[in-house]
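Proteins get letters first, then strands, A, B, ... in listed order; numbering begins at 1 in each.
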Protein chains: 2
Amino acid sequence: MKNSQLYKGSLNTIIMKLLEENGKMYGYEITQKVKAITSGELNITEGALYPALHKLEAEGILDVEMEKVDNRMRKYYKLTEKGTTETVNRLSELEDFIRNMQSLVNPSPKLEF
Amino acid sequence: MKNSQLYKGSLNTIIMKLLEENGKMYGYEITQKVKAITSGELNITEGALYPALHKLEAEGILDVEMEKVDNRMRKYYKLTEKGTTETVNRLSELEDFIRNMQSLVNPSPKLEF
DNA sequence: GTATTATGTATAAGATTCTTATGTATATTT
DNA sequence: AAATATACATAAGAATCTTATACATAATAC
């Protein structure tokens, strides 16, 4: 996704947070939501997304539910109980990560008078 | 480094920022500096650090300079001209990344009255 | 006095995550 | 009729990191 390696490792957290927020979503919907929220800056590729969803399902983080809409198949994903708990941890880790990165690149905050 | 995949992809940016700030540093010094700044939360492993330094050197981002201190060898790294330019870009990418991640996980900022 | 920890660099095997390319299929727009 | 949007899937390879191992000197602990 995108021309920056920084996003590597953040996809699972993004998926889980969106599902926590929206109840249930299908793959394509996730890609569009992410694109919209980031003003087109972050584009999740299918090659990254679908294997990630399958893995989260295999780990018991997500439940899946098929639905046929407009003659097309949709796989809706939602957080399991375990997944909901795990999401809290992931978001906490993300906060720590962002805080640490800001400490590293912003050693002396500019004081304004 | 650490028990979170989120840091994956951020090592180069961290190295470059520290070198921009401190002029020149050697590998072990970088690991200690990062540990100190993050209060022990982020530990750069040698297996990640040294290959990263070698690659940045091969890409012309870093210059190396050997120095013998206390009968031990040290390899001091510093940014090249190209590396200095590249650092500006990386830090800009990091800002975008952090902003995007905050948008994704913080959709409705809590208003306080 | 010797064993551990700290300092210092290095590589190699394997895991994880992602990119890029490809495949299939239907609906809509040009 | 062709291209784009919607929808899911996988496979090969790249990039990054973990874990383990290796070597070497200095300082500290027992």
For nucleotides 20-27 of chain D, give me every protein contact, N/O to N/O, under 3.5 Å, one pair per line with atom names.
residue, atom, partner, partner atom, Å
D:dT25, O2, B:R72, NE, 3.3
D:dA26, O4', B:R72, NH2, 2.9

Inset, instruction - Give a yes or no answer on whether the side chain of A:T38 reaches the backbone of A:V34 with a donor-acceptor pair at less than 3.5 Å. - result: yes
Inset, instruction - Return the nearest nucleotide to the side chain of B:K75; candidates are C:dA10, C:dT20, C:dT17. - result: C:dA10
Inset, instruction - Measure from the side-chain N and O atoms of A:S4 to the backbone N and O of A:L6, and report whether any donor-acceptor pair falls under 3.5 Å. - result: yes
Inset, instruction - Determine whether the side chains of A:D63 and A:Y76 contain a donor N or O and an acceptor N or O closer than 3.5 Å. - result: no
Legend entry - A:Y28, nearest nucleotide to its side chain (from C:dA10, C:dT17, D:dT6): D:dT6
Legend entry - Rounded distance in Å - CD1 (A:I30) to P (D:dT6): 15 Å
Legend entry - For atom CD of B:E65 and atom C1' of C:dT9, their distance in whole Å: 17 Å
Legend entry - Phosphate-side-chain proximity, B:Q5 and C:dT17, N/O vs OP1/OP2 below 4.0 Å: yes
Inset, instruction - Take the protein atom NE2 of B:H54 and the nucleotide atom C1' of C:dG8, then report the distance between them rounded to whole Å. - result: 12 Å
Legend entry - Which residue lies more 5' along DNA chain D, comparing A:P51 with A:R74 via nearest heavy atoms: A:R74
Inset, instruction - Rounded off to whole Å, could you give me the CD1-to-C1' distance for the B:I15 and D:dT16 pair? - result: 12 Å
Inset, instruction - Using a 4.0 Å heavy-atom cut-off across all strands, classify A:K55 as base, sugar-phosphate, or nothing. - result: sugar-phosphate
Legend entry - Proximity of B:Y77 and B:Y26 rings by center, below 6.0 Å: no
Inset, instruction - Begin with the C-alpha distance, continue with both residues' side-chain angles, and end with the deciding distance and a verdict on side chain to side chain contact (heavy atoms under 4.5 Å, CB included) for A:E20 and A:L91. - result: CA-CA 11 Å; A:E20 186 201 51; A:L91 291 174; 4.0 Å; yes
Inset, instruction - Using a cut-off of strictly less than 4.0 Å, decide whether B:Y26 has a side-chain nitrogen or oxygen near OP1 or OP2 of C:dG8. - result: yes
Inset, instruction - Send over the distance from B:K8 NZ to D:dT16 P, rounded to a whole Å. - result: 10 Å
Inset, instruction - Nearest whole angstrom, please: distance from the P of D:dT19 to the CD1 of B:I44. - result: 14 Å
Inset, instruction - Kindly give the heavy-atom pair with the smallest separation between A:A52 and A:L11, and that separation in Å. - result: CB-CD2, 3.9 Å
Legend entry - Separation of atom CG in A:N12 from atom P in C:dA15, rounded to whole Å: 18 Å
Legend entry - Earlier contact from the 5' end, DNA chain C, for B:Y77 and B:Q32: B:Q32
Legend entry - A:R72: partners by salt bridge (Lys or Arg N to Asp or Glu O under 4.0 Å), with sequence neighbours left out: none
Inset, instruction - Please report, rounded to the nearest Å, how far the C1' atom of D:dT19 is from the CG atom of B:N43. - result: 15 Å
